[in-house]
Amino acid sequence: MDLCPFSVTPAASLLARCVSRGAVSQEQIDSASSRWSSAFSSHLQEAEQRIRAQRQLDEVRLQVELLQVEKQSADVTHRFYLTGRLQVLQVLCDHLQDILKEQNSLRQRLMRPLGRTNLPVQAHLQRCVVDIVKMLLDFIETLEEKLSSIRNCPATRDQLTQLSSSLSRLLAQVAEVESLSSQVLQWKEVCSSLLSDSSA
């Protein structure tokens, strides 16, 4: 049989441990029990205030982000910009309708359905069509290269004539150098024979 007239609750033992460690004073506990408050510690009240302030700050940040998104998408969502675009689109539609009224054949061609207007390709031939398109692109590329080379033919002829004229000039200069070298050799032989005659 328990001789203790009262039992210690877990909350009381926790508070006693907090008082013994110095986290809370006995006066704070007494004042909290005497007045009606949601938190008995000033530290808890400050923490609650900080949490409330952080929550309010998050709400303000969210509102600012929403306003920035609304500002960025104002040309799509705002009525002022949409009315201007709608007016431009209406003017374009009226213009196109006027053209269609004048051009009966164009109206009939535009009203014709687009289906079955291209050539149908059977499934087993589609790979061949892809290969033919690649070959066609290569052919067009080589054709463009050959056309550019044909366009450059007159310039090539001019360059060939310049090359042949410069070659003829070079050959003439080579002939002059050969004649000069032969004259120098003859003069050298004459000089050497004169020196040998004078020494003898």
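For Val130, the side-chain contact (heavy atoms from CB on, under 4.5 Å) partners two or more places apart in sequence, or in a different chain, are Lys134. Asp94 is linked by a side-chain contact (heavy atoms from CB on, under 4.5 Å) to Gln90, Gln97, counting only residues two or more places apart in sequence or in another chain. In this structure Leu136 satisfies the side-chain contact (heavy atoms from CB on, under 4.5 Å) test together with Ile140, sequence neighbours excluded.
The OG atom of Ser181 sits 12.0 Å away from atom NZ of Lys188, with the distance rounded to the nearest 0.5 Å. Interatomic distance, Ser13 OG to Arg17 CZ, rounded to the nearest 0.5 Å: 5.5 Å. A distance of 12.0 Å separates CG of Leu137 from CD1 of Ile132, quoted to the nearest 0.5 Å. Considering NE2 of His95 and SG of Cys93, their distance stands at 11.0 Å, rounded to 0.5 Å.
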Which side-chain N or O atoms in residues 172-180 pair as donor and acceptor under 3.5 Å with protein atoms at least two apart or in another chain?
unit_1, atom_1, unit_2, atom_2, d
Ser179, OG, Glu176, O, 2.7

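Counting heavy atoms from C-beta outward, Arg55 and Ile51 have side chains that approach closer than 4.5 Å. When side chains are defined from C-beta on, Leu195 does not count as touching Ser192, because their heavy atoms never get closer than 4.5 Å.
Residues Leu163 and Leu171 fall into different hydrophobic clusters, defined by Ile, Leu, Val, Met, Phe, Trp and Tyr side chains chained together at heavy-atom separations under 4.5 Å.
Legend: side chain to side chain donor-acceptor pair (under 3.5 Å) pairs involving residues 58-67, not counting sequence neighbours, sorted by first then second residue: Gln54-Asp58.
Hydrophobic side-chain contacts under 4.5 Å tie Leu194 into a cluster, directly or through other members, with Val190.
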